[in-house]
Every structure is written in structure tokens, then in C-alpha cells.
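The structure under discussion appears below in the form of C-alpha cells.
Naming: A, B, ... by sequence-line order, numbering from 1 per chain.
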2 protein chains.
Amino acid sequence: MANIQQIAKKAGVSVATVSRVLNNATLVSPKTRSKVEEAIKELNYEPSMLGRNLRNSESRLILVLLPSISNPFYTEIINGIQNTAIASDYNILLCETDSKPERENIYFNMVKNKLADGVISMDPTVNMQKLNELAEKHPVILCSEYEKGGSIPYVTVDSELAAYQAVKHLIRLGNERIALISSDEKFLYARQRREGYERALREFQLPIRKEWIYHTKALDFQHGVHAMRMLLQLEEKPTAVFAVSDTLAIGALKAINMYANTEEQIAVVGFDNISFSSMTNPTLTTVSQPMYDMGKIAAEMLLSRLKGEKVENIVLEHELIIRESTIG
Amino acid sequence: MANIQQIAKKAGVSVATVSRVLNNATLVSPKTRSKVEEAIKELNYEPSMLGRNLRNSESRLILVLLPSISNPFYTEIINGIQNTAIASDYNILLCETDSKPERENIYFNMVKNKLADGVISMDPTVNMQKLNELAEKHPVILCSEYEKGGSIPYVTVDSELAAYQAVKHLIRLGNERIALISSDEKFLYARQRREGYERALREFQLPIRKEWIYHTKALDFQHGVHAMRMLLQLEEKPTAVFAVSDTLAIGALKAINMYANTEEQIAVVGFDNISFSSMTNPTLTTVSQPMYDMGKIAAEMLLSRLKGEKVENIVLEHELIIRESTIG
DNA sequence: CTCCTAAATGTAATCGATTACATTTATTAT
DNA sequence: ATAATAAATGTAATCGATTACATTTAGGAG
């Protein structure tokens, strides 16, 4: 790979002039410019990002942290981020932390070291203290999961309200024994969705029973299956379930299919509206988050921060998508 | 962020000594070493990857190209790659090309520019000519999709054989009218799976009818639904379907559920054994690829190439997982 | 105490770009 | 034709590390 010196030599000019051509400065004569461009073409030259970044302390790379790419929830968000970033000549790097702090560290270092210009974190398991430290010196945006009262700007939805509405929907259908399949409450979204669930129950004077609240260790299908199976073994079984994620809800549907008596109709509501949720049988009622927009806005916020602008937190609208799993 | 000069000054030594401490060279006296280490701790210093990479032309970063993260097929492969890479002190960057050549270019440039040390490509839409050019100067491994007779090392499964076995399974169940839902035949895996499909049919003297071969434009659920819907509108409907990907197969199951008469039992076989495939109703019979191992081996091959070693192509074993969708 | 050798440390070039400032060349006005 | 100005180009420092080579220091032998 040729470097700028070789181009300069070949074109018979100085490296400064080559650099000017590269960055379309105006003070290059057309003649010189074309000489340089020819040399670039001939030697098949592409400027080194390393040299450039080192000098400019800018990489035009954005890190996107997520716990795991296996949850389809992130897919559309990433599309939103990516399209927006690319339109502004930035690229994104997907960083799967697998909820492991060591990996997180490596990615944080990339930012500190100017290998990346900023971070969008969607990882609920992120070390908030470290992220806050990073955010003091570098642009950071939280997407979906956020820190209440924290200083890092975020874009999210109102999880409490969405959960409240989802559970109210179940109540209106006549359900009085409504279970919650949630994840670890160290995550804000899990706490908020439980609060919404409880608010709806309280409003209708329905009991909040802790044996109907099941906490899973992870969000994949299998954990949903297992949670539902546990709920089905209770002497007083719930007639409806609200799960904090579609993956759990789909697992619950599966468990109902496999283990429940066919005459028991158990209604299920999920959260996220992942693409698979309309492929299940029955199709899944769920809370739709504007995932693409969330990603887009997160990217826009980060781009603003990169320009040194202040940004406001944003809470986007959600929507309850009613499908077969609550109709029967 | 402090730099090496500041550490040197603080510790009262030269930058060379600091660098030696950083890279645990042996020729540093214990006294000096601890002075330097203290300065590093005090100033909270972390060496700049940019400076280091520029000098060493090494980044210890591996690029993983994939067309889209929305296909769960890639999830486990990525885990395999990532765990292997991290064990050797490499990190991976996930690059979603969205099948767009511009994006591909950016990522190729990262490699040319030493921002990344090598590439594992899982993208069937990759520009093979450009990838081959890149592979002349940089380590590149193909994972899953590969180039027959090409010079880039690959790890994959025997798609033709797997498809042949899958279709034979359908034939043994008594199906004589077997459809194929495939994707664009510009992809090698699609061609190979069609060949396997045809070989099985020929072997049992069953007709190969082109109205039973449907090519989709993409691999998502919706395209599977649409394909199956088209097949159900034929006057002579197939009694079984082999789809080249689980996502398509799951869409097909959905379409059968929605549009087929309940008395028609249409058997379905997919390919990949994604985690969803055991959540559907009926559960999906499918070809299981050793995805984690494939990723692991791809990473190991790349690490070997990075050390300058030669590597051999590897074809891994697959397995037909029989579930409800071919039992009824 | 001196000399020699080995160990420890320092100096300065290097990687590949950008850019402030200096210098040369071209253009315009008088 | 000459001075003044504008445009084009060049020179060299810089970003933050590594490392060959040079130099200093320490330790041991005589």
C-alpha cells in the first residue's frame, strides 16, 4: 500500500499538496490537482486512517454497545443508527459485550484512544460508573436502557406506561389473574415494566401476588418456556401473562402450547414487536417500540454531541399491537 | 488522556523506558519499573492504540463481515468467532454490509489501512473480486459461504449433501410433490442446495418441476410467507417443502397455517437450526449446522494466517434434526 | 583503584497523515 | 516595468507510540 510520500514523489509535488488534494482544499491549481489524482490512481493509493486519525484525533467511527446480537430487538435499532451515521459519513462498529466487563473495557479503551469517536450504548448490563467517566470526556448516548436522573443523554420509551397499558388490555379482556415474566430487576426497564404492571393491577383492585411474578436470568426463548412452565405448575394458575420481552413471551406461548390443557386459554402480551412475533401461532400481542426511529434519533443525538452541541433526552411513543395471543 | 511523554516526565525517565515497562521488556530495573507503574496509575494512563498501531502496523482487531444481523443464523457463529479471538487477545468488529458495496469498501479500507488485521467474511453478497484482491495482501477467511476453487481459505458445510438428505427424508415420508423455496442463485449455497434437492428427486424418479421451485429476494420471514402463499395457489400443490433457510421455512409454516386447508398436511424442512426453529408450532425439522464450531474454526484459521501459516479448507458435519413439521 | 563487561537507560528516527507558516510564483494595478 | 497582492506550493513540526543504536551506570575481576 502506497503512502502519501510516494504519491508526492510520483506527482512531483510535496506531501502537503497531496494532502490538500485529498481534503479538497481550494488552493490547488487544476493542473497540479490532476497530476496528483493521476498518481493516486496509478499507485492505487488510499490514505491511511491510522496516520490521519492520529493527527486529527478523529476516526469517524461510532461504537454501538449491545449485550448480545441474538435478541432481534436490536436489529432495527441498529439499522436506524447505521443509516443515520453513514449519511453523515460515520461508520458504526457493533460491539457485543456478552455482558462481560472485560469486553466492555476494551471497547471503552477504543474510545479513549481515539479509535472511535463516540458510543451509543444499548447494554443494560453496562457498568454505569465507567460509562459516566467515559462520558465526561467523550460523547456517549444511551439508547433504550438509560439512567434515571443521570447525566448521559438518552432516547427511550415510557416502559412503565406501556406496561400499564398492556396489562390494562389484559384486564379489560376479563383476566383477573395476571402473571408477569420479567428479567433481573437490576435493569431499569424491568423495574419500570413491573411498576406499570402493578399500577394497572392496583387500579382495578386486583391482587399483586409474588408467585405470579417470575424473574428470568436471561431473555431468550428457553427462559420464557421455563418461566411459563413454572407458572403453569402453580395451584392457582394465571389466566394471562405479560412478558417484558417478545423472546420471553414467545417462549411462554410455546410452553402453553406444550404443557397447558387445551381448554385453558392463557392470554400473552409481549414487548418489542420483533419480526418473529407475527410468525408465531397464535400471533403475539405486543408493545411496539419505534425501533428504527430510536436508533435514528440516538445516532442524531450522538452526531450533535460530536459537534459539541447539547442534546435533550427524548421519550418516544409506543403502541400496543393487538394480535391473536390475547384474542384466542 | 495522558500520553507516554507525560508518564516519562512524571516518572523521571525516558519514553523508551516507559514503553519497555508497557511491553514488559526484561531490561528494566525493578526500581524504575515501579516508578513508571506508579506514574501510569496516577495519571490513569492507557497507551494509545493509534500511536501503537501506526508504529507496529497491527491492531489486533478482526473484522467480521455479514450481510445483516437480522438472520439469527449468524448469532452463534459470531459467538464462536468472538470467544476464540478474545482468547488470543484479538477483538472483533461486526460489520453489517446490508449487501451494499459502499459499506463493504469502507470495511476493506479499514483492513488496508491497518485499522484491522484480517477479515472473516460471511457475506454471500460480497464482491469476490475485491475480496480476492484484499486477500492477496491481508488474511481473509470465508465462513459458510465460500468460493469454489477460489484461493481464499474457507470453513463450511456440505450444502448439497445436506439438502439431498433433507429432501430424501421428505421422500421417505411418502411425499412425491416436493417444492423448494430458495433464494437468489447467485449465492453458492442456494445453487448447491438446489442441486441436492434435484439429486434426491432424480434418485427416486420424481419430477423436478420449475413451478415448485420458488426464488425469494431475501431471507426474512415475510419472504417465506409470500413464497409459500404462491406455492399454495398452484393447481397442483406440493405436499412438502424444503426451504434453504429456517427464516424462510418459518414463514412457510406461517403461510400454511394461514392459507392452507386444515386437512392438507404440508411437511416443511428448513436449514440452519436457528433458535426460533424449536419455538414454532409445529416445531421445525431442519438441517443443523455446527454454527459455534464454524465460527470457532474460522477464527482459528484467521489467527493462523495472521501468524503467516498456511491453512486448509474445512468442511464440517451437519445433522438433520427431525421435528414436528415433518411428522404432523 | 582501574578496567571491562553487562545491564539499564536515553536519544532520535520512524510509522502516515495534516497544517501553520514560509516561500515561491502568478496576477493585477499603477 | 515595478510594486503590491493573491494564489500556489513547499518545509517542517506534530500526533503517540516503538525500537535500533548510543550512552551511561553498576558490578565484578584483577
### Query
When you check the phosphate oxygens OP1 and OP2 of D/dT11, does a side-chain N or O of A/S14 lie under 4.0 Å from one of them?
no
### Query
Does A/S59 reach the side chain of A/L115, with side-chain heavy atoms less than 4.5 Å apart?
no
### Query
Between D/dA17 atom P and B/L22 atom CG, what is the distance in whole Å?
8 Å
### Task
Taking atom types as modelled, find out whether B/E76 and B/N79 have a side-chain donor-acceptor pair closer than 3.5 angstrom.
yes
### Message
What contact category does B/N23 fall into here, base, sugar-phosphate, or nothing, at under 4.0 angstrom with non-hydrogen atoms?
### Response
sugar-phosphate
### Message
So if I take every side-chain heavy atom of A/A16 and compare against D/dC15, C/dG10, D/dT11, which nucleotide ends up nearest?
### Response
D/dT11
### Task
Would you jot down, in residue-number order, the residues of residues 29-53 of chain A having a non-hydrogen atom under 4.0 Å from DNA chain D?
A/S29, A/T32
### Task
Determine: side-chain N/O of A/N3 to OP1/OP2 of C/dC15, distance under 4.0 Å, yes or no.
no
### Query
Between D/dT19 atom C1' and B/L54 atom CG, what is the distance in whole Å?
14 Å
### Task
Go through the side-chain N and O atoms of B/S121 and B/D123 and say whether any donor and acceptor fall under 3.5 Å apart.
no
### Query
Does some side-chain heavy atom of A/V155 sit less than 4.5 Å from a side-chain heavy atom of A/L316?
yes
### Query
Considering only side-chain heavy atoms of B/V15, which listed nucleotide, D/dA17, C/dG16, C/dA12, is closest?
C/dA12
### Query
Just wondering, do A/R52 and A/L22 contact through their side chains at under 4.5 Å, heavy atoms?
yes
#### Entry: Rounded distance (Å) that lies between atom C1' of C/dT14 and atom CD1 of B/I4
14 Å
### Query
Atom CD of A/Q5 to atom C1' of D/dA12: distance rounded to whole Å?
12 Å
### Query
Does a side-chain N or O from B/N56 land closer than 4.0 Å to OP1 or OP2 of D/dA17, or not?
no
### Message
Can you say whether a donor on the side chain of A/R55 sits under 3.5 Å from an acceptor on the base of D/dG16, or the other way round?
### Response
no
### Task
Would you mind classifying the nucleic acid contact of B/V13 as base, sugar-phosphate or nothing, using non-hydrogen atoms under 4.0 angstrom?
sugar-phosphate
### Query
Within this structure, what is the CZ-to-P distance between A/R20 and D/dT11, rounded to whole angstrom?
11 Å
## Note on the structure
Between CD of A/Q6 and P of C/dG16 the distance, given in whole Å, is 8 Å
### Summary
note: B/K9, atom NZ; D/dA17, atom P; distance rounded to Å ~ 15 Å
### Message
Measuring only between side-chain heavy atoms, which start at C-beta, is B/D117 closer than 4.5 Å to B/E58?
### Response
yes
### Task
Answer whether the closest heavy-atom distance between the side chains of A/M122 and A/I77 falls below 4.5 Å.
yes
#### Entry: A/K114 NZ - D/dC15 P separation (whole Å)
11 Å
### Query
Picking from D/dG16, C/dG10, C/dT18, which would you name as closest to the side chain of B/T17?
C/dG10
